[in-house]
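All values below were derived from every heavy atom in this structure, side-chain atoms included, with hydrogens, water molecules and symmetry-related copies excluded. When a ligand or atom number is given, it counts from 1 through the structure's own listing order.
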Amino acid sequence: MSRTVYLNGDYLPEAEAKVSIFDRGFVMADGVYEVTSVLGGKLLDFAGHLARLTRSLNELGMDNPLPDEEWLAIHRKLVEVNAIDEGLVYLQVTRGNPGDRDFAFPPKDTPQTIVLFTQSKPGLAANPSAQTGIRVISVPDLRWSRRDIKTVQLLYPSLAKMEAKAKGADDAWLVEDGFVTEGTSNNTYIVKGGTIVTRQLSTDILHGITRAALLRFASEAQMKVEERPFTIEEAQEADEAFFTSASAFVLPVVEIDGKPVAGGKPGPVTTRLREIYLEESLKAAI
Ligand code: PDD
């Protein structure tokens, strides 16, 4: 069934939504995006995603083209017309179409390109990987150094994901100067002696909205959290390892570079954190 998507003010059948070949998003990866999950037809952590969108745009010298109420109205309409019960809403804003290719930015009044579409993912909350865990490999982090900006430059994470698949794993953890930065499209954690360890926020990683919620719920549940970098070796020897993202929520990692973690099974802290995250986020979903 054809989706209804949003493009620059219009709701269109997906085949009719067309963007210029000169769009800065297409020729320069000059755009930012957000992915918000939908459970029970409601948006999770929506305010956080909007706040990060504005931040990403501002860091690249772009304005947020729409007020918050309008972003919410578009998200809700797409969820409704596409009958999304469990899934995602993808949003992208680019610097628009200057009418030619040029490294210099176009004039500030060039209309930005705004695209939103839904992805239906029945079973998102009941993901079987929560029971089995996933396997990761480590690869060098060769991305640019402003990973805190959620840009559409996803070629390296995509290559890393393909390398993982070629090696029979599910995903890759990126390593820089000996320490894990994050996953291809998620934030990474280990658990040691009951303490949750995750890399501190900086320009080295994306400031995950799921990460922020998880750390809040963890401290509300009196769990100890340490924000510091960790190595692959430390992760392999940890009691548990897991990752978070808007599309995966909280998922256990049971193997890193061929070595089993937590006896090759999801651990109790990860399982509990997934439960808490889903429970609390659903309560606040809009
Ligand atoms: N990715 N780190 C990176 C590099 C990411 O791409 C993502 C999200 C995260 C987690 O952020 P959040 O919890 O806000 O989703 C961390 C999205 C889901 C994607 O690209 O599809």
For [X] and ligand 1, does the shortest N/O to N/O distance drop below 3.5 Å?
{"X": "Arg52", "value": "yes"}
{"X": "Leu206", "value": "no"}
{"X": "Arg211", "value": "no"}
{"X": "Ile209", "value": "yes"}

Criterion side-chain hydrogen bond (donor to acceptor under 3.5 Å, both in side chains) against Arg95, the qualifying member of Thr113, Asp23, Asp30, Thr110: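 Testing each of Thr113, Asp23, Asp30, Thr110 against Arg95, the sole residue satisfying side-chain hydrogen bond (donor to acceptor under 3.5 Å, both in side chains) is Asp30.
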Taking the basic N atoms (NZ, or NE/NH1/NH2) and the acidic carboxylate oxygens, is any pair closer than 4.0 Å for [X] and [Y]?
{"X": "Glu80", "Y": "Lys77", "answer": "no"}
{"X": "Glu234", "Y": "Arg228", "answer": "yes"}
{"X": "Glu182", "Y": "Arg143", "answer": "yes"}

Quick test: of every protein heavy atom, which one is nearest to [atom], and how far off is it to 0.1 Å?
{"atom": "atom 15 (O) of ligand 1", "answer": "Ala246 N, 2.8 Å"}
{"atom": "atom 13 (O) of ligand 1", "answer": "Thr210 OG1, 2.5 Å"}
{"atom": "atom 10 (C) of ligand 1", "answer": "Asn187 OD1, 3.7 Å"}
{"atom": "atom 21 (O) of ligand 1", "answer": "Val35 CG2, 3.7 Å"}
{"atom": "atom 20 (O) of ligand 1", "answer": "Tyr33 OH, 2.6 Å"}

Strictly under 4.0 Å, does any heavy atom of [X] approach an atom of ligand 1?
{"X": "Lys150", "value": "yes"}
{"X": "Arg143", "value": "yes"}
{"X": "Thr184", "value": "yes"}

Minimum non-hydrogen distance to atom 5 (C) of ligand 1, winning option of Gly48, Ala248, Ser185, Ser247: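 The residue whose heavy atom sits nearest atom 5 (C) of ligand 1 is Ser185.
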Check: Tyr33 ring centroid to Tyr90 ring centroid under 6.0 Å: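 Tyr33 vs Tyr90: aromatic centres under 6.0 Å.
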Whether Tyr6 and Tyr11 hold their rings parallel, tilted or perpendicular, with breakpoints at 30° and 60°: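 Perpendicular, since the angle between the ring planes exceeds 60°.
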Element-labelled atoms of ligand 1 that are located less than 4.0 Å from some non-hydrogen atom of Gly208: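 Once the distances to Gly208 are compared, the set is 11 (O), 12 (P), 13 (O), 14 (O).
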Element-labelled atoms of ligand 1 that are located less than 4.0 Å from some non-hydrogen atom of Glu182: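 Contacts of ligand 1 toward Glu182, numbered from 1: 2 (N), 3 (C), 4 (C), 16 (C).
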